[in-house]
Amino acid sequence: MIFITAKFRVRPEHADDWPRITAEFTEATRAEPGCLWFDWSRSLDDPTEYVLVEAFRDDEAGGAHVGSAHFRAAQETLPPHLAETPRIVNATVPQTDWSLLGEMAVPESR
């Protein structure tokens, strides 16, 4: 899968509205057949920073995402709300879902 994490620094006056601002883009991306997940989180330390964790089935699904109409629309509608260019980590990993974090395993309840 293609695993992507991106940090978005939002202009302070738009930070509280970011989930609403990105809602249409988020919903459309989650509906893509090759999207495994597309999840936003807000930083606990910086209320203007949002982190996007997303994954796509393979290169073809990632390409379809970047070529989609909703991605092109987001390229136009999202930057005016940003304080800087988002930062990204993008990697291909040989799995299709989250792995368990064994170092913090929770015992099964009986």
Linking I/L/V/M/F/W/Y whenever their side-chain heavy atoms sit closer than 4.5 Å, directly or via other members, would Val51 and Leu36 fall into one cluster? yes
Under 6.0 Å from the CD atom of Glu76, do we count more than 12 heavy atoms belonging to anything else shown? no
Please give me the minimum heavy-atom distance between Pro47 and Ala15, naming the atom from each residue. O-CB, 3.5 Å
According to a 4.5 Å side-chain heavy-atom criterion applied to Ile, Leu, Val, Met, Phe, Trp and Tyr, with indirect links allowed, do Trp98 and Ile4 form part of one hydrophobic cluster? no
Note: Thr26 and Trp40 closest approach over all heavy atoms is OG1-NE1, 2.8 Å
How about CD on Gln75, more than 12 heavy atoms from neighbouring residues, nucleotides or ligands closer than 6.0 Å, or not? yes
Which residues satisfy the salt bridge (charged side-chain N to carboxylate O under 4.0 Å, His left out) test with Asp39, sequence neighbours excluded? Arg30
After noting the C-alpha distance and the side-chain angles of His65 and His70, does the key distance pass the side chain to side chain contact (heavy atoms under 4.5 Å, CB included) rule? CA-CA 8 Å; His65 171 63; His70 56 271; 4.2 Å; yes
More than 12 foreign heavy atoms under 6.0 Å from CD of Glu84: is that the case here? yes
For the CZ atom of Phe3 and the CG atom of Asn90, what is their distance to the nearest 0.5 Å? 10.5 Å
Would Phe56 and Glu32 count as a side chain to side chain contact (heavy atoms under 4.5 Å, CB included) here? Give the steps. CA-CA 9 Å; Phe56 296 91; Glu32 293 175 22; 3.6 Å; yes
Which heavy atom of His81 sits nearest to which heavy atom of Thr77, and what is that distance? CD2-O, 3.1 Å
At their closest point, which heavy atom of Pro79 faces which heavy atom of Ala74, and how far apart are they? CD-O, 3.4 Å
Are Leu52 and Phe71 grouped together when hydrophobic residues (ILVMFWY) are joined by side-chain heavy atoms under 4.5 angstrom apart? yes
Should Val93 and Val53 be counted in the same cluster of Ile, Leu, Val, Met, Phe, Trp and Tyr side chains packed under 4.5 Å apart? yes
Got Thr48 and Arg9 here, is their nearest side-chain heavy-atom distance under 4.5 Å? yes
Before giving the answer on side chain to side chain contact (heavy atoms under 4.5 Å, CB included), spell out for Arg42 and Asp16 the whole-Å C-alpha distance, their side-chain angles and the decisive distance to 0.1 Å. CA-CA 10 Å; Arg42 193 173 191 179; Asp16 289 340; 2.9 Å; yes
Locate the shortest heavy-atom distance separating Leu82 from Arg11; write the atom from each residue and the value. O-NE, 3.3 Å
Give the cluster check for Phe38 versus Val66: same hydrophobic cluster or not, with ILVMFWY residues linked at side-chain heavy-atom distances below 4.5 Å. yes
Taking Thr22 for the side chain and Phe25 for the main chain, is one N or O donor matched with an acceptor at less than 3.5 Å? no
Check Cys35 against Thr29 and note the closest heavy-atom contact, atom names and distance. CB-O, 3.3 Å
Taking atom CG of Leu44 as the centre, does the number of heavy atoms from other residues, nucleotides or ligands within less than 6.0 Å exceed 12? no
Between Glu49 and Arg87, is there a side-chain N and carboxylate O pair less than 4.0 Å apart? yes
Tyr50 and Trp18 aromatic ring geometry - parallel, tilted or perpendicular at 30°/60° bounds: tilted
